[in-house]
Amino acid sequence: MESDVDNPYWIINQNKLTSKTNRFTGGINGNFKITNWWDITGRVGYDKYGTNDYTFIAPGSALSVLYQNGRLSKALLDYTYITTTVMSNFHKKFGDFDTHLMLGTTSENTLIARQNHWGYNFSTSISAGGTISFSNMATTNKFFTDATTRKRLAGAYGEVGISYKDIIYLTATGRNDWSSTLPVENRSYFYPSVSGSFIFTQLLPKNNILSYGKLRASWARVGKDADPYATQTVVSSPISIGSFVGIGNYYAAGNPDLIPEIQNSWELGGEFRFLNGRIGLDYTYYHSETENQIGSPRLAQSGGFIFSTLNSGTVINKGMEIALTGKVISQKNFGWDVVLNFSYNKGRLGAFLPGVSYFYPTDAQFGTVKAASVPNGGYFLGMTGQPYLREKDSKGVEIPNGRYQVNPNTGLYLANTTNPVVGNREPDFIGGFNNTFRYKNFSLSFLLDIRKGGDVFNGTEYFMILNGLSKKTLLNDRQSVTVTGVNSVTGADFNQTYTAGQNYTIGTGTQAGSYLIQQYWANYAANSYNFITSVNWVKLRSLSLTYDFVGMFKNQKIIKGLSATAVGTNLFTWTNYKGMDPEVSAAGGTGGSGSTGIDYLGVPAVSSFTFGINLKF
Amino acid sequence: MKKSKYIILGCVLVLALASCKKWLDVNKDPDNPTNQSVLIQNRVPWIEHFYQYTAGVTNYRTSCIAGVYYTNNANPNTFSTTWACTNANSTTSYQTFFVEVSSNLVDLYNSAQKQGAYHYMAVADVFHALGYMEMLDLYGEMPYTEAGTGNPSPVPDDGKAIYNGCMAKLNEAISLFAKTQEAGSPSLSAGDLWNNGDVNKWIKLCWGLKARYMLKLSKKADLYKPDDILDCLSKGPQSNADNTVGPGYNNSTVTDYLISDPVVTNGNWDYVAFGNTNRISQYYYNLLTNMRSSGVIDPRMSKIVPATMANIQLDASGKVASYTWKRSIGVDSYNPQSALDPLSLSNRLAKGGATSIQLQSYAAANTNIIYAITDNTDRANFIAAQVAAGRTYTTTGNNVTVTYKAGAMFINSTNYLYAGDTAYVNMRSNSIATGGLSQTDLNWYPTTPSATAAVTAGAVGSTGSFQVHPVSDQEIVTYHEMCFIKAEVLMRKNDPAAYTAYRAGIQAHLDMMQAKLTQWKAGGLNKTSTGIIVPDMEPMNQTDINTYLASSGVAQSAGTLTMSDIMLQKYIAMGCSIENWNDMRRFNFSTGNVGGFGIVYPGYPSIPRPPLFTGQSQLTGGSPTDPRYWIRRWALPPVYEIQYNSIHTLALNAHAGDPNIWSMPVWWDCATDDEYYGYLK
């Protein structure tokens with residue numbers, strides 16, 4: 001039974017898994033005006049939650065033999081977070097110059113307490129009336145562990161700003177943090193910023209065309225600390241063998257020399273309003289570099305550990321955002337507003353540990369493809385994989401779009417197993433197009449989500465091809481396949497059709513045609529490029545219709561307003577992607593944003609329809 | 001009012017700054033001690049256990065290559081049957097050594113050095129040699145100087161550097177063991193699970209390892225030094241009392257932090273006999289029943305080859321009243337066989353598939369199975385087999401319905417090709433963590449189709465195998481290995497004293513087994529929970545031993561002794577051990593082109609390839625004399641090493657990621673350095 005798999009109905013009906021969280025948050029604020037140019041603000045914030053996880057695995061479940069008589073576990077997590085902030089604000093106006101100075105301190109205190117009780121093998125059978133409880137287990141089958149985590153941060157900061165009339169604004173900030181999670185000699189780090197904006201239209205004569213224009217620029221540095229206890233390598237629980245006790249290192253290495261992460265970013269932008277606010281344009285260009293990113297990636301285990309905490313590398317993001325707004329039609333009974341967004345981001349990995357040719361920030365690896373970041377300027381959201389080898393020219397370089405190499409030992413295409421980069425999962429650009437139409441009391445709006453470029457690996461198709469479930473594998477009714485290319489050893493032309501029912505000499509043996517046809521599809525699946533698409537899409541992200549019952553309640557005193565809205569989201573997708581939904585991140589393994597662009601048995605985004613009523617009293 | 005506000009504010013700020021440093025001093029994990037605080041006497045048992053574990057998985061998988069075991073588990077089956085070696089086999093040995101052992105060696109050595117605990121430093125050196133030599137034997141090149149220190153992308157060293165480094169460590173260990181520890185440092189007995197702190201045994205262990213490792217250089221004309229080996233042997237184990245073994249226990253269900261296997265059991269058991277996938281292979285079985293074509297059964301055979309209960313008669317309450325023991329036969333992956341031949345056990349794998357050997361079930365009540373057999377010859381042969389076994393059957397057209405009586409062991413499948421698999425007894429032995437009934441009943445009871453019927457009846461499905469019970473000793477360096485090394489070295493010198501060493505080795509192994517079996521009988525492990533005697537766990541019969549030693553199964557004079565005799569007896573004695581594959585590599589398996597000794601491992605397939613061979617991409621040599629015809633090493637585990645460290649790995653060995661890396665000889669398997677470095681380019 002230990003190698004069996006539970007029936008989903010068994011899991012639903014027999015097992016019980018629950019999670020319950022209680023949360024309390026609150027804060028106290030105080031503002032004290034000391035003089036008319038100096039006030040002090042104080043804040044205390046409090047956030048506490050407790051999570052209880054309960055897991056009962058019924059006797060008779062398909063688990064290892066030890067647990068086939070039931071398992072019970074209860075996990076408690078207690079999280080407390082307290083912050084204090086004290087800020088002194090000074091303002092003074094000197095003629096046309098408005099100045100302010102702010103000095104403050106802040107503290108953060110995090111405490112996490114975990115307890116885990118678990119046990120197995122119920123002494124009295126549950127079906128015979130035994131309780132699902134730890135009392136119904138022998139003492140030797142019950143276990144308990146707990147862990148406490150503490151993190152504290154203190155910061156001191158200041159901001160000074162000056163503005164001239166309403167034309168020029170200049171602000172500078174500086175902050176120093178002291179964190180408990182970094183080694184003592186590295187625990188203090190300083191990060192400043194400076195920003196300015198210039199509303200240049202104030203200097204120009206009043207203009208109905210360009211009614212408002214602002215240019216802005218900023219540079220900022222932000223520091224970040226590590227997780228608690230990241231500086232230590234801890235040991236595993238002791239083991240008893242005979243009369244001896246063994247203790248050894250845990251499989252994650254800490255780093256006693258950690259330094260804080262520092263992010264430097266600068267930004268340029270402008271805001272413009274035309275035709276007295278009828279048309280608006282916002283523009284931003286940014287460049288951000290995070291150095292010494294603290295992480296615990298998987299690296300070569302010959303170092304002695306599976307995970308090592310280290311200051312790993314530099315991540316660079318640069319990009320641009322534009323928003324265009326306009327009131328196309330603005331009449332008493334009819335209006336049409338438009339908002340158009342466009343943005344792109346180029347994420348790159350800078351320097352990384354020498355000797356590591358690819359950095360794998362997640363475990364998202366499916367089929368032949370792995371989500372990888374390429375050091376020294378390569379794609380951050382890259383993808384490595386396995387393409388077919390192409391014919392090489394006289395210098396031994398593969399000819400782009402040349403014929404494929406065929407392996408004479410298998411009679412099928414030869415794959416490049418050196419794990420090259422096969423794609424970039426980051427889109428070329430994304431955009432949104434929002435339209436709102438207003439007619440009397442109706443309002444209709446729809447949002448189109450646009451994307452161009454960005455590779456997606458269709459792992460679902462890969463899985464189906466490997467298992468003969470894809471329609472592609474019905475080629476020629478599975479009676480024949482053709483392999484065309486060049487012999488990888490001799491360079492001679494290779495053109496061979498394999499037909500079911502016949503036998504072929506491959507290498508030193510003989511293979512049946514039907515076997516080769518099956519192997520052809522396994523070989524097809526081995527080429528990553530067969531499943532990678534640079535995806536473009538237009539999605540009707542939302543469509544909503546609202547009616548405001550404005551006239552109905554004019555003389556009412558109780559109900560002040562009523563409106564009804566119908567909204568549909570994710571209604572249509574037009575895309576060149578042949579799989580289900582290109583918007584999924586890999587299911588299973590390590591999901592999350594690190595695995596974006598890898599679709600492996602992913603469930604598409606849900607379309608939903610909502611109807612709501614808004615009542616004002 | 002204003003002033004008091006200023007004063008209060010000022011005080012608060014001052015207080016805050018003063019206590020800031022202390023307030024931030026909370027970065028010490030209160031629940032998990034750091035690795036700086038571990039005592040050296042606690043490091044050693046950890047290292048000893050986890051070395052046993054990594055050696056166990058290595059011994060098992062290389063024993064599949066050497067032909068000791070067959071497995072129906074897809075990945076090691078590529079070692080035992082199809083030779084289409086797959087990367088999935090490479091991961092565990094590597095991970096369990098580096099993550100579980102290597103970083104602890106560095107910490108142990110450094111902590112011991114601070115205290116002047118020279119014996120502990122020496123123990124760290126010994127495990128350094130044992131572990132990295134295992135890495136060299138398996139993978140050829142591996143991070144060595146930069147390994148185990150937390151460096152996440154270490155530069156690898158080649159085989160020569162690793163070998164010389166390990167030998168230097170053994171020399172240092174020998175000199176450190178000879179010193180007296182500084183006052184105040186713990187005595188070795190406080191932490192030594194293996195030898196209880198007996199420094200002399202450790203010194204002999206080091207000399208024994210040196211002999212073993214120096215013998216590996218047998219292909220190198222310039223580095224093979226037979227007299228030095230004999231000198232090391234003279235300082236190594238001199239009798240079974242000098243054997244170093246790691247103990248195995250069956251008294252705890254606690255599992256380890258990484259793989260979740262029990263922490264007290266024998267490492268070989270964790271892989272060979274933990275689950276249901278392994279069987280004795282025909283090659284090993286043959287050596288135990290027909291050595292030197294004598295037809296005389298080795299007395300060790302019934303302890304090594306498992307048996308199942310058969311011909312069970314149940315009493316009124318459904319318990320076993322009478323039975324016979326049916327010894328397993330070996331699964332044949334090597335002899336020519338064809339799927340087109342008529343049904344018989346000699347073409348079982350060709351007809352059924354490489355991984356198709358089924359697990360035995362127990363019939364609690366009369367059970368009918370209907371087989372559809374379209375081929376007439378097969379049907380006739382099948383029916384004949386039922387008649388020979390005394391089972392009742394009926395036929396309707398192509399269907400044969402066989403009745404398995406209550407108490408029978410049978411294969412619960414309607415595929416007639418599998419019905420005879422009860423002949424191959426599961427290697428499995430139960431521990432209390434894996435379904436065992438008690439600390440002393442190590443037998444396996446079938447759990448299909450009913451989870452409890454066989455246990456209730458007391459119907460034993462397998463008695464297990466001597467080296468792979470949870471409580472078996474894990475042999476590290478033994479006197480019998482020393483004897484066989486001596487025999488080989490003397491044979492290479494044409495010295496007739498090789499014969500004495502050969503006989504001494506066989507005797508030593510028999511004595512070692514006999515002592516352990518006596519201990520097991522005294523401990524009650526020779527009885528099932530229902531009190532039935534399991535003779536496999538009892539000492540061998542002295543008459544059987546005497547008959548065997550006097551038979552033609554054992555060479556009777558120096559004049560008739562061949563290298564093959566020595567190596568095949570060594571093969572039996574080593575059993576589940578990487579040393580068998582190491583030896584086979586040195587003699588080029590069954591090519592027969594080493595030193596004029598002829599074919600040292602006859603019966604190991606050379607031409608033609610094994611019948612289910614599909615390893616053309618991995619073993620690209622064209623003929624047996626081409627070194628690349630054979631399995632010469634393991635690929636580096638891609639998902640643990642190459643993927644994360646490819647620049648350094650490929651800089652040393654440009655072919656580390658090639659499909660045919662499996663056939664590239666390691667450094668000691670090459671006659672010259674030029675040959676070795678030629679492969680790496």
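None of these values were measured; they are calculated from a predicted model. Every chain is numbered from 1, with letters handed out A, B, ... down the list of sequences.
Neither the backbone nor the side chain of A/Thr145 comes within contact range of chain B, judged by heavy atoms closer than 4.5 Å. Only the side chain of B/Ser102 comes within contact range of chain A, judged by heavy atoms closer than 4.5 Å. There is no contact between B/Leu105 and chain A, counting heavy-atom distances below 4.5 Å. Only the backbone of A/Pro354 comes within contact range of chain B, with heavy atoms under 4.5 Å apart. Neither the backbone nor the side chain of B/Ala651 has a heavy atom closer than 4.5 Å to any heavy atom of chain A.
A donor-acceptor distance shorter than 3.5 angstrom exists from the side chain of B/Asn104 to the backbone of A/Asn249, with no hydrogens or angles considered. For B/Asp25 (side chain) and A/Ser180 (main-chain N/O), no donor-acceptor pair under 3.5 Å exists by modelled atom type. In this structure, B/Tyr94 contributes its side chain and A/Ser302 its backbone to a donor-acceptor pair below 3.5 Å. A donor-acceptor pair is defined here as one N or O able to donate and one able to accept, closer than 3.5 Å; such a pair exists between the side chain of B/Asn27 and the backbone of A/Tyr229.
Proximity to chain A at a heavy-atom threshold of 4.5 Å picks out B/Arg43, B/Pro45, B/Trp46, B/His49, B/Phe50 from residues 43-53 of chain B, in numerical order. Listed by sequence position, A/Tyr251 are the residues of residues 251-258 of chain A in contact with chain B, using a 4.5 angstrom heavy-atom cutoff.
For the pair B/Asn645 and A/Leu299, the minimum side-chain heavy-atom distance is 4.5 Å or more.
How far CG of B/Asp29 is from OG1 of A/Thr233: 11.5 Å, rounded to the nearest 0.5 Å.
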